[in-house]
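Following: one structure in structure tokens, then a few remarks.
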Amino acid sequence: MYRKEDSENLSVDRLFVRVVHLHRNRARKLYHSLGLHRGQPGILKLLWENDGLKQKEIANYRNLQPATVTRMLQRMEKKGFIFREQDSEDMRVSRIYLADHGKEVKEELEKKIQQLEQETYANFSEEEMTLMRKFLLMMEENLHKVQDE
């Protein structure tokens, strides 16, 4: 349960972890109503822009392990969001395409994404959003620098 008095003594790192956890849970609830699991909306968005990608390309774009992408795509295929087709030039490779359901869910998913953003950033000014973006990019850069240590 949320108690403001508990939050005032937490480190920035702990608060960050709590916010990420709450955001993930809220996203899970919103996307679950569409039959989607965590990470799958990002794959759909990628395919809406670049239909017919190779599985390896999806893994690279989304910065995911190939085995993780394999499991995600299997689930998405079972639910009718995507389908696979062999590459015409390299029979060892399959390309991932949006199925009708993957195309039809676009508008509703975009509404859910917008809802999540509005709920998350309610009461933030443009200046605060600009600063937050700057800080998050700095954090990302810091962590990329030490990722392989």
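This is a predicted model, so every value here is computed, not measured.
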Supply the atom-to-atom distance [X] [atom1] to [Y] [atom2], rounded to the nearest 0.5 angstrom.
{"X": "Ile113", "Y": "Lys45", "atom1": "CD1", "atom2": "NZ", "answer": "4.5 Å"}
{"X": "Asn60", "Y": "Leu46", "atom1": "CG", "atom2": "CG", "answer": "10.5 Å"}
{"X": "Leu109", "Y": "Gln114", "atom1": "CG", "atom2": "CD", "answer": "11.5 Å"}
{"X": "Leu47", "Y": "Gln40", "atom1": "CG", "atom2": "CD", "answer": "11.5 Å"}
{"X": "Arg26", "Y": "Leu22", "atom1": "CZ", "atom2": "CG", "answer": "11.5 Å"}
{"X": "Glu104", "Y": "Asp100", "atom1": "CD", "atom2": "CG", "answer": "5.5 Å"}

Between the main-chain N or O of [Y] and the side-chain N or O of [X], is there a donor-acceptor pair closer than 3.5 Å?
{"X": "Asn50", "Y": "Leu53", "value": "no"}
{"X": "Glu57", "Y": "Lys54", "value": "yes"}
{"X": "Thr68", "Y": "Leu64", "value": "no"}
{"X": "Glu108", "Y": "Val105", "value": "no"}

Notebook entry, point to check: Knowing that exactly one of His23, Lys29, His21 qualifies, which makes a side chain to side chain donor-acceptor pair (under 3.5 Å) with Asn25?
Noted result: His21
Item checked: Test side chain to side chain contact (heavy atoms under 4.5 Å, CB included) applied to Met76 and Ile96, step by step -> CA-CA 11 Å; Met76 293 174 77; Ile96 313 302; over 6 Å; no
Do [X] and [Y] make a side-chain contact, defined as non-hydrogen atoms from C-beta onward lying under 4.5 Å apart?
{"X": "Glu128", "Y": "Tyr121", "answer": "no"}
{"X": "Arg84", "Y": "Arg95", "answer": "no"}
{"X": "Val93", "Y": "Gln86", "answer": "no"}
{"X": "Leu44", "Y": "Lys106", "answer": "no"}
{"X": "Gln115", "Y": "Glu119", "answer": "yes"}
{"X": "Lys112", "Y": "Ser33", "answer": "yes"}
{"X": "Gln65", "Y": "Val69", "answer": "no"}
{"X": "His144", "Y": "Met139", "answer": "no"}

Can you get from [X] to [Y] by hopping between Ile, Leu, Val, Met, Phe, Trp and Tyr side chains that sit under 4.5 Å apart?
{"X": "Leu136", "Y": "Val20", "answer": "yes"}
{"X": "Leu116", "Y": "Phe16", "answer": "no"}
{"X": "Leu131", "Y": "Met138", "answer": "yes"}

Next item on the list: Step by step, work out the side-chain hydrogen bond (donor to acceptor under 3.5 Å, both in side chains) result for Ser94 and Glu85.
Entry: CA-CA 5 Å; Ser94 62; Glu85 249 180 42; over 6 Å; no
Next item on the list: Of all the heavy-atom pairs spanning Ala99 and Gly80, show the shortest one and how long it is.
Entry: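 Closest pair (atom of Ala99, atom of Gly80, distance): CB-O, 3.2 Å.
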Check: Where is the tightest heavy-atom contact between Leu36 and Pro41, given as atom of each residue plus distance?
Finding: CD1-CG, 4.2 Å
Next item on the list: Any chance you could lay out the side chain to side chain contact (heavy atoms under 4.5 Å, CB included) test for Glu77 and Leu73, step after step, and finish with the verdict?
Entry: CA-CA 6 Å; Glu77 192 170 23; Leu73 293 176; 6.0 Å; no
Next item on the list: Step through the shown structure and confirm whether more than 12 heavy atoms of other residues, nucleotides or ligands are within 6.0 Å of CZ on Arg75.
Entry: no
Next item on the list: Write out all pairs satisfying ring-ring contact (aromatic ring centres under 6.0 Å, His included) with one or both partners inside residues 86-115, taking only residues at least two apart or from two chains.
Entry: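 Only Phe81-His101, Phe83-Tyr97 qualify under ring-ring contact (aromatic ring centres under 6.0 Å, His included).
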Next item on the list: Could you name each residue pair satisfying ring-ring contact (aromatic ring centres under 6.0 Å, His included) that touches residues 24-57, not counting sequence neighbours?
Entry: none
Notebook entry, point to check: In chain order, what residues pass the salt bridge (charged side-chain N to carboxylate O under 4.0 Å, His left out) check against Asp51, with sequence neighbours excluded?
Noted result: none
Notebook entry, point to check: Looking at Lys111 and Glu107, does any basic side-chain N land under 4.0 Å from a carboxylate oxygen?
Noted result: yes
